[in-house]
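Here the structure comes first, spelled out in structure tokens, and everything after it is commentary.
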Amino acid sequence: MHSSISKKILAWYQKYQRDLPWRKYKNQKDRHYKVLLSEFMLQQTQVKTALPFFNNFYKKINSLEKLSKTSQAKVNKLWQGLGYYRRAKFLLETSKIIKKKYNYKLPSQYEDLIALPGIGDYTAKAILSIAFDKNEIGMDGNVERVVTRIFNISGKKKILKYVERLKVEKKSSFLMQGLMELGALICKPKLPLCSDCFLNKNCKYSSNKKFNLDKKVKAEKKIKKFIAIIFRKNKKILLRHEKNLGPLKEFLNVPLVPEISQEGRNYKKILKKNKNYQNLGILNISISNFKAEILCLETKKMIKVNRPYYFMNATELKSKFISSFLKKILKKIKFIK
Ligand code: SF4
């Protein structure tokens, strides 16, 4: 069971991982530096917060050599706004020790890593796995939550035992990152998106009724009405991220306008008289914490939409991890089968 779960996580991660700057590297040295820097920045900080800081920091200081020769004042300046300044202090100290003791080479042994300032058990294991592909899994909040739910277990000791069983000989880096990615995108702390999860058939949390929303809660789910704006151009469809969609806000979607908003009311009026708009029908979709009633409205003209937005065809969408919510809309409007 454990190996089939690990295989699924590996396959999912390799296909759908987010495009993050520390996941792309020029060579091993660059990989080690990017993993070290990102792991320091990601301590107590979310990916989207750390992202611009990482990019800016790397633009100015792009190697361990350069970092070890930088002043604390400059490192602090680049860290400004990210908080927890002890990390900036420890990062610089760590780089100086690596320079002196390891001739600028990031150590690849647990005992050496954990002896460095700012590196605890989790960060040491994460570095070994992500930077060196070693057979390790660092247990942060995401990993702990995912493993706890999949196996319906509790207690640090037991969780660690199950984490051990998930380990793989090859592609350990992908497994570790896959577990974290699963926790960040799908197996969210408050509302896990079990219906969108590739592990829902293996997962005790999702199959255990005790954890599922009971009928009463289901009946109490709020109904939110939206208008989905469908705009197609050269076999591509307009997509963006939808802030209104709670747990699905990080996933791509067609533009959705709340029906009660001024914009929503305008669209409803337009629909009655403007021939450029066509009513494609209503769709009801239940997501974790509410029910959505969606009126699908197709327009022949591009609408006003804030950047970033995207145009994708059905083939391009296949390579993205899309929610079952979007899938249902795309099926309804016959964009995909
Ligand atoms: S099925 Fe649900 S609880 Fe289980 S891993 Fe996936 S999102 Fe988490």
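One is the number of the first residue; the rest follow in order along the sequence. Each ligand, and each atom within it, is numbered from 1 in the order the structure gives.
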| task | Kindly indicate, with the supporting measurements, whether the criterion side-chain hydrogen bond (donor to acceptor under 3.5 Å, both in side chains) is fulfilled by Q177 and S173. | result | CA-CA 6 Å; Q177 293 180 85; S173 163; 2.9 Å; yes
At less than 4.0 angstrom from any non-hydrogen atom of [X], what atoms of ligand 1 do you find?
{"X": "C187", "value": "3 (S), 5 (S), 7 (S), 8 (Fe)"}
{"X": "Y205", "value": "3 (S)"}
{"X": "S206", "value": "1 (S)"}
{"X": "R149", "value": "3 (S)"}

| query | Do the charged groups of E65 and K99 touch, with an N to O distance under 4.0 Å? | reply |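 Not counted as a salt bridge, because no side-chain N and carboxylate O are separated by less than 4.0 Å.
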| task | Would you confirm whether H241, through its side chain, and K249, through its main-chain N or O, come within 3.5 Å as a donor-acceptor pair? | result |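 Answer holds: no.
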| query | Do R87 and F90 meet the cation-pi criteria used here (NZ or CZ under 6.0 Å from the six-membered ring centre, within 45° of the axis)? | reply | no
| Honestly, is K34 close enough over Y58, meaning NZ or CZ under 6.0 Å from the six-membered ring centre and within 45° of the axis? |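 Yes - K34 lies over the ring of Y58, closer than 6.0 Å to its centre and within 45° of its axis.
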So which protein heavy atom does [atom] come closest to, and at what separation?
{"atom": "atom 4 (Fe) of ligand 1", "answer": "C203 SG, 2.3 Å"}
{"atom": "atom 2 (Fe) of ligand 1", "answer": "C194 SG, 2.4 Å"}
{"atom": "atom 6 (Fe) of ligand 1", "answer": "C197 SG, 2.4 Å"}

| request: From the options E263, K268, Q262, select the one residue that forms a side chain to side chain donor-acceptor pair (under 3.5 Å) with N266. | output: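 Only one option passes, and that is Q262.
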| query | Is the shortest distance from a heavy atom of V146 to ligand 1 less than 4.0 Å? | reply |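 Under 4.0 Å: no for V146.
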